[in-house]
Amino acid sequence: MTHQDISIGTFENSFAGLPDGFFARLDPTPVSEPVLLAFNAELADELGLETAQLSRDELALVFSGNAVPLGAEPLAAAYAGHQFGNFVPQLGDGRAILLGEVRDRAGRLRDIQLKGSGPTPFSRRGDGRSALGPVLREYLISEAMHRLGVPSTRALAAVLSGDRVLREGYKPGGVMTRIASSHIRVGSFQYFAAGDDQASIKRLMDYVIDRHYPGAATAESPALALLQSVIERQAKLIAHWMMIGFVHGVMNTDNMALSGETIDFGPCAFMDAYHPDTVFSSIDQFGRYAYGRQPGIAQWNLARLAEALLPFIDPDEKKKSVELASAAISDFAPIYHEKWLEGMRAKLGLSQKEEDDRALIGELLDGLHRKGTDFTLAFRRLGDVHRDASAHAFLELVEHDAVLVEWLDRYRARAAREGGDAEKRTAMMQRINPIYIPRNHLVEAALSAAIEERDLGPFKALHGVLAHPFEEIAGFEAFALPAEPSERVYQTFCGT
Ligand code: AMP
Ligand code: MG
């Protein structure tokens, strides 16, 4: 390891201050020939990093792991997790290294983590590396999520390593730099719970409360308050995913962050045609993590968190702990449904509540499902029906389906009951219903140009469009369209 005395800012290393059993300390393993492919200068600025004065070569050294920046205390975190329902007592950062935390301009502590930075004691049989494809994919999709307004980890840098990794054949390697509110997962708690290490659970709980949910510290039961807060944030997050047609793909408990941010973009994708059973992940044979199952799975994962926290919920009475935790978990469903309904009303440009709203929304979704209509475009085009009496764009999209034509009349009547300005309703809907999402075929095309032709043009173009997902830009119509049958992507691969 060449320590080149490069400074990128002030590290705080609070996680590194936790006891030894929480992680293994180690430096990243250098790569052969790091080349900086993408760097998020805007995010660097938000984080208050001093990267503006560094050359691209210096940035490549730091964000490949070849030079550990001054003040960082690199480590690989320990965690466990349920993977597709099966418990694995030890997973951990097998190819990621946390450099440490920095305090951003808003005063929030943010993790800087390298992914694909070499083997760690948690690598099991893996090589500790990432292929470039998944690095660029995470870069595009996590940034798109952020721009869509969904809490998400962010992408700071993508580096080509100069090494090859063996996946389905040899692929160029890459290192991704990810920024997160923290990397603590449901699986982090499960790790200590599996070893019945109560002291560490307590320590981790206090750390999470202090970092993410300070209000819980003064509650009668901080553990219960923490659980309830995480449930609330996850319910909101999953509702948000559902609003934009996002399918995470691998909702294992080790991929669910306590902070409430979307984390670990593996075989995730956006649904084109509306269908609740949509699955993309090649490793999800039974559709466990299908679009429509995400709320139920989130609740299941949160129940695993509740189990780990159980001894602290009511330290005196086990039965009481179980009752309180069960009640909190049961609350997930109503909280989620409320957030979902709230979100769906907003997507339809409705601000008042009516008894039949859930049915009205359900009928629209049924219609889209039956017709196989593009989910994103359907809502975007619905926005136009308030200012265009012919509703041409929407009706064409649903092929003048008789049931949806009738539905549209009722929807318009529903909107009219609220009164208000038609232009304003359209504008409000267009601020919430994106025109551009990271469509799978566009993402695949951008990655394949970058990897096979060493052409970053399509990646940059797509990234640029996704930076403004709600603004229709003349000349970029193709970015808004679903795939032609020949371009359709049916599966995405972890390609780890
Ligand atoms: P993920 O599917 O990225 O959430 O990873 C699940 C687990 O497998 C985590 O513990 C990862 O660190 C580990 N893992 C995934 N890919 C690799 C790899 N190439 N080398 C070592 N560990 C890996
Ligand atoms: Mg993971």
Side-chain angles (χ1 to χ4, degrees), residues 22-24 26 28-29 31 64-65 74-98 111 113-139 141-142 152-153 155 161 163-191 194 247-259 261-269 279-285 288-289 297-298 301 304-305 491-496:
F22 283 61
F23 44 73
L26 82 161
T29 308
V31 302
S64 59
L75 61 85
Y79 55 84
H82 274 92
Q83 300 193 306
F84 292 91
N86 304 306
F87 186 63
V88 185
Q90 184 173 307
L91 290 165
D93 289 332
R95 55 172 168 150
I97 284 188
L98 177 70
D111 279 9
Q113 193 205 53
L114 304 181
K115 193 167 164 184
S117 46
T120 76
F122 305 108
S123 295
R124 295 174 292 160
R125 279 181 295 279
D127 59 2
R129 295 298 183 188
S130 283
L132 180 62
V135 167
L136 295 178
R137 205 180 150 75
E138 173 156 357
Y139 195 103
I141 299 189
S142 63
S152 173
T153 62
S161 69
D163 300 312
R164 295 185 312 166
V165 297
L166 183 60
R167 296 296 183 259
E168 307 88 34
Y170 282 99
K171 309 262 158 115
V175 181
M176 157 92 193
T177 304
R178 171 159 86 183
I179 305 300
S181 284
S182 87
H183 282 84
I184 298 162
R185 310 132 191 275
V186 170
S188 312
F189 282 90
Q190 291 182 291
Y191 177 74
V247 185
H248 181 285
V250 205
M251 286 179 72
N252 292 334
T253 56
D254 52 304
N255 291 338
M256 182 182 260
L258 271 280
S259 66
E261 284 178 343
T262 312
I263 192 168
D264 262 17
F265 297 85
C268 61
V279 180
F280 294 102
S281 169
S282 60
I283 53 173
D284 190 1
Q285 289 170 21
R288 179 180 170 91
Y289 299 141
I297 288 291
N301 288 350
R304 307 288 79 76
L305 175 64
Q491 280 201 333
T492 50
F493 296 86
C494 250
T496 52

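In what follows, every heavy atom counts, from backbone to side chain, and hydrogens, waters and symmetry copies are set aside. Whatever order the structure lists them in is the order used to number ligands and atoms, beginning at 1.
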S.K.: With a cutoff of 4.0 Å, is Arg124 in contact with ligand 1, counting heavy atoms of the residue only?
M.R.: yes
S.K.: Identify whether the distance between the nearest side-chain nitrogen and carboxylate oxygen of Asp254 and Arg304 falls below 4.0 Å.
M.R.: no
S.K.: Evaluate side-chain contact (heavy atoms from CB on, under 4.5 Å) for Asp111 paired with Arg178, printing each intermediate quantity in order.
M.R.: CA-CA 8 Å; Asp111 279 9; Arg178 171 159 86 183; over 6 Å; no
S.K.: So does Met251 get a backbone contact from the side chain of Asn301, meaning a donor-acceptor N/O pair under 3.5 Å?
M.R.: yes
S.K.: Would Gln113 and Ile97 count as a side-chain contact (heavy atoms from CB on, under 4.5 Å) if you check the C-alpha gap in whole Å, the side-chain angles of each, and the deciding distance to 0.1 Å?
M.R.: CA-CA 6 Å; Gln113 193 205 53; Ile97 284 188; 5.9 Å; no
S.K.: Is there an N/O/S atom in Asn255 at a distance below 2.8 Å from the Mg ion (ligand 2)?
M.R.: yes
S.K.: Check ligand 1 against Ser123 and write out every atom of the ligand that is under 4.0 Å from a heavy-atom position of the residue.
M.R.: 21 (C), 22 (N)
S.K.: Need the ligand 1 atom indices (1-based, order shown) with element for anything under 4.0 Å from a heavy-atom of Gln83.
M.R.: 6 (C)
S.K.: Using a plain distance cutoff, I'd like to know if Gly92 has any nitrogen or oxygen under 3.5 Å from a nitrogen or oxygen of ligand 1.
M.R.: yes
S.K.: To the nearest 0.5 Å, what is the distance between CD1 on Ile141 and SG on Cys268?
M.R.: 4.0 Å
S.K.: Show the atoms of ligand 1 that are less than 4.0 angstrom away from any heavy atom in Tyr79.
M.R.: 9 (C), 10 (O)
S.K.: Using heavy atoms and a 4.0 Å limit, tell me yes or no: is Gly266 in contact with ligand 1?
M.R.: no
S.K.: Going by atom types alone, do Ser130 and Arg95 pair a side-chain donor with an acceptor below 3.5 Å?
M.R.: yes
S.K.: Tell me whether ligand 1 is touched by Asp93 - counting only heavy atoms on the residue side and a distance under 4.0 Å.
M.R.: yes
S.K.: Closer than 4.0 Å to some heavy atom of Arg129 - which atoms of ligand 1 meet that?
M.R.: 19 (N)
S.K.: Thinking salt bridges, do Lys171 and Asp163 make one under a 4.0 Å N-O criterion?
M.R.: no
S.K.: Can you check whether Gly116's main-chain N or O pairs, donor with acceptor, with Arg129's side chain at less than 3.5 Å?
M.R.: yes
S.K.: Please name the atom of Asp264, restricted to N, O or S, that is closest to the Mg ion (ligand 2).
M.R.: OD2
S.K.: As an exercise, identify every atom of ligand 1 less than 4.0 angstrom from a heavy atom of Gly128.
M.R.: 18 (C), 19 (N), 20 (N), 21 (C)
S.K.: How far does OH of Tyr289 sit from CZ of Phe84, to the nearest 0.5 angstrom?
M.R.: 5.5 Å
S.K.: Considering Gly94, Ala96, Ala76, Ser130, which one's heavy-atom position lies nearest to atom 21 (C) of ligand 1?
M.R.: Gly94
S.K.: Under a 4.0 angstrom heavy-atom cut-off, which atoms of ligand 1 come close to Arg167?
M.R.: 19 (N)
S.K.: Got an N/O contact under 3.5 Å between Arg95 and ligand 1?
M.R.: yes
S.K.: Relative to the heavy atoms of Asn255, which atoms of ligand 1 are at a distance of less than 4.0 Å?
M.R.: 4 (O)
S.K.: Answer with yes or no whether the side chains of Thr153 and Glu261 bring together a donor and an acceptor at under 3.5 Å.
M.R.: no
